[in-house]
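This report concerns only the one structure given below.
Keep in mind that the numbers below use all heavy atoms, side chains included, and drop hydrogens, waters and symmetry copies. In this text the structure is predicted, and so the values were computed from the model without any measurement. Each chain gets a letter, A, B and so on, in the order its sequence line appears, and its residues count up from 1.
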2 protein chains.
Amino acid sequence: MIGKDRAGRRWSIGELAEASGVTVRTLRHYDEIGLLRAGERTASGHRRYTERDLRRLYRVRALRALGLSLDEVAGVLDDSGDEPEAMRALLAAQLRDLEERAGQIALLMDRIQGLLRRLDGRSMPDPDQFMTTLEMISVFEAYFTPEQRERLAERRAELGSEAVDAARTEWAGLVEELLGHVRADTPVDDPRVRDLVRRWDTIGAAFHAGDERTAGAARRMWRDHGPELARGLPWSADLLNGLVAYVDRVRRAG
Amino acid sequence: MIGKDRAGRRWSIGELAEASGVTVRTLRHYDEIGLLRAGERTASGHRRYTERDLRRLYRVRALRALGLSLDEVAGVLDDSGDEPEAMRALLAAQLRDLEERAGQIALLMDRIQGLLRRLDGRSMPDPDQFMTTLEMISVFEAYFTPEQRERLAERRAELGSEAVDAARTEWAGLVEELLGHVRADTPVDDPRVRDLVRRWDTIGAAFHAGDERTAGAARRMWRDHGPELARGLPWSADLLNGLVAYVDRVRRAG
DNA sequence: CTAGAACCTCCCCCTGCGGCCGGTTCAACC
DNA sequence: GGTTGAACCGGCCGCAGGGGGAGGTTCTAG
């Protein structure tokens, strides 16, 4: 039993699959792409794997277990000049890659956890409102840094939800009044519109607390994404875009 | 300028792509799979996107930004009965999925960091030896729990590398002696082989510190993966397999 | 000798698009 | 009204890593 045929065992593809824990399909795939060719074939074409092939398969599995691509695995195994240096570099690169992917996943998890808190927390019964919030959040994330968002959230919490609602109501009134001036083509240096815009800015300042970069980000966001942000409001995006342009002219005039 | 055509704007595919930051190709893909159909077409077949389409696109983007698949996004947007419950369930499922992926990545990073420490640390100049170690590590990870591996590593550190080398040398001597008995068909209850096996077990116990589950895991590992583990040793896998079977019989006889 | 398991080669399928091809069509300018 | 360059159309191939199946041979145990 011990010390038998020195020519070594041969494995059929099914035997090798079972012995190594990969599927037959995978072995055929590896054969096809040249990563692990069957060392021999029977006269009729059946694959015969040798001990060398078995060794190679174990190495392939080990390298795959590090998350390397099949190409990378092939590169490591075929460059017989696989200096430890090259290996170290490859592993370091792989580590960086994994770190990045972990960061992406952490970002997604943060977003989802935030949304779940909102959903579990207070009222969010209207799916449409939820979707609108979702759109706004994704836009917010593109324009404000995490710190800015955090400070905005803190500020909202400080103000309390009734104050936020009051601000929204006051802002709606300002919009109506200003739209009247837009339609009436009131000159941008009229003291009445100047006063309205001052109140407008005061409301904004209550949220961004005088941080000019946050305010600028908000303006850029509005400029680029007015249409979505206007959703749920009783005015059309075009109307609001015109309004914002008008307010801008008022600011520059003042 | 303000308050123009109530029928609403239309966007060509290129305009919508630029406005929303996705590529033309992506929009065509969404159209093709039915996720975001252009609400209208010109007589000649060019896509005309409406405001509804724009809204839908923003929702698609928002949901994609949570890592949902296109199918999941379509499900959320098309099930008009998108109760907050369903949304919560979907997000919770997504979160679990992400957690699992994060765990996988963390596992890969651990492995790679461990390997890099080995590479950077003491001698590992031979790439072949490195690969062999790699194979063994991946097999180890399949058989020992993380705690068991940690305790094995601690134990090795306690013993020191010279003690480990000494153990290996002694073990090699035992193997040679036992192989002689195998060839000579010494009965399994012969006191001489019983003594050799006792010494064999003592060496093992020095590592697994008497933890029977760790020892059992090691035996299962050897039974399943003898060939790879035997790599780098001066005996063939067949030889060692026969030896292990003999040692088992000696144990049972004792 | 025969049945059934195992094996073979093609081929299409999945995700989420990127990219190219050959052929319309649009929009602006002359 | 004509021209011309940009935009647009559908269709097809490609990617990573195989899954799964069709239809046809071959192996192997009884």
Side-chain angles (χ1 to χ4, degrees), chain A residues 9-50 53 57 60-77 94 97-98 101 104-105 108, chain B residues 9-50 53 56-57 59-77 94 97-98 101 104-105 108:
Chain A
R9 243 200 98 166
R10 300 297 131 112
W11 290 264
S12 75
I13 193 170
E15 288 166 347
L16 185 60
E18 183 148 19
S20 65
V22 306
T23 68
V24 169
R25 184 64 183 80
T26 297
L27 288 176
R28 274 203 269 258
H29 182 60
Y30 289 173
D31 194 345
E32 194 179 332
I33 67 175
L35 174 58
L36 176 63
R37 292 246 155 77
E40 303 173 358
R41 295 270 187 150
T42 66
S44 59
H46 286 198
R47 292 174 181 82
R48 301 275 97 178
Y49 289 91
T50 68
D53 300 334
L57 176 55
V60 169
R61 285 206 330 165
L63 291 166
R64 284 289 289 164
L66 301 177
L68 300 182
S69 72
L70 296 185
D71 266 1
E72 287 167 331
V73 170
V76 169
L77 291 182
Q94 175 71 359
D97 196 57
L98 289 173
R101 286 167 53 191
Q104 304 266 1
I105 288 182
L108 295 185
Chain B
R9 249 200 92 168
R10 300 298 131 111
W11 290 263
S12 75
I13 193 170
E15 288 165 348
L16 185 60
E18 183 148 17
S20 65
V22 306
T23 69
V24 169
R25 185 64 184 78
T26 296
L27 288 175
R28 272 202 268 260
H29 183 60
Y30 289 174
D31 195 343
E32 194 180 332
I33 66 175
L35 174 58
L36 176 63
R37 292 247 154 78
E40 303 173 359
R41 295 273 186 147
T42 68
S44 60
H46 285 200
R47 292 174 180 82
R48 301 273 96 181
Y49 289 92
T50 67
D53 300 333
R56 189 171 167 99
L57 176 55
R59 296 184 170 197
V60 169
R61 286 205 329 167
L63 292 165
R64 285 290 288 163
L66 300 177
L68 300 182
S69 73
L70 294 186
D71 265 1
E72 288 166 331
V73 170
V76 170
L77 292 182
Q94 175 70 358
D97 196 56
L98 290 173
R101 286 167 53 191
Q104 303 268 358
I105 289 182
L108 295 186

Could you list, one pair per line, each protein nitrogen or oxygen that sits under 3.5 Å from a nitrogen or oxygen of nucleotides 19-21 of chain C, together with the distance?
from: C:dG19; atom 1: O6; to: B:R25; atom 2: NE; distance (Å): 3.0
from: C:dG19; atom 1: O6; to: B:R25; atom 2: NH2; distance (Å): 3.2

For atom CG of A:L27 and atom C1' of D:dG20, their distance in whole Å: 16 Å
Whether over 12 other heavy atoms sit under 6.0 Å from B:R48 CZ: yes
Spatial distance of atom CG (B:L68) from atom CG (B:L77) [nearest 0.5 Å]: 9.5 Å
Nearest-Å distance for atom pair CD/P, residues A:E32 and D:dA16: 13 Å
Residues forming a side chain to side chain donor-acceptor pair (under 3.5 Å) with A:R25, sequence neighbours excluded: none
With sequence neighbours excluded, residues passing side chain to side chain donor-acceptor pair (under 3.5 Å) with B:T26: B:T23
Between D:dC8 (P) and B:D31 (CG): distance, integer Å: 13 Å
Selection: residues 33-41 of chain B, any non-hydrogen atom under 4.0 Å of DNA chain D: B:R41
N/O (side chain, B:T23) to phosphate O (OP1/OP2, C:dG18) under 4.0 Å: yes
Separation of atom NE2 in A:H29 from atom P in C:dC13, rounded to whole Å: 18 Å
Exam field: side chain B:D53 to backbone B:G39, donor-acceptor pair closer than 3.5 Å: yes
Any donor-acceptor N/O pair, B:R47 side chain to B:W11 backbone, under 3.5 Å: no
B:T26 side chain near C:dG16 phosphate (N/O to OP1/OP2, under 4.0 Å): no
D:dG19 phosphate, OP1 or OP2, under 4.0 Å from A:R28 side-chain N/O: no
Check: B:T50 main-chain N/O paired with B:E40 side-chain donor or acceptor under 3.5 Å: no
Polar side-chain atom of B:E18 near backbone of B:E15 as donor-acceptor pair, under 3.5 Å: no
Distance, rounded to the nearest Å, where A:L16 contributes CG and C:dC7 contributes P: 10 Å
Position toward the 5' end of DNA chain D (nearest nucleotide), B:E15 or A:S69: B:E15
Phosphate contact (D:dG18 OP1 or OP2) by A:Y30 side-chain N/O below 4.0 Å: yes
Whole angstrom value for the distance that separates P of D:dT26 from CZ of A:R47: 15 Å
Those residues that, when tested against B:R64, pass salt bridge (charged side-chain N to carboxylate O under 4.0 Å, His left out) (two or more places apart): none
Any protein N or O atoms within reach of nucleotides 27-30 of chain D? Criterion: under 3.5 Å, listing atom names and distances.
from: D:dC27; atom 1: OP1; to: A:S44; atom 2: OG; distance (Å): 2.8

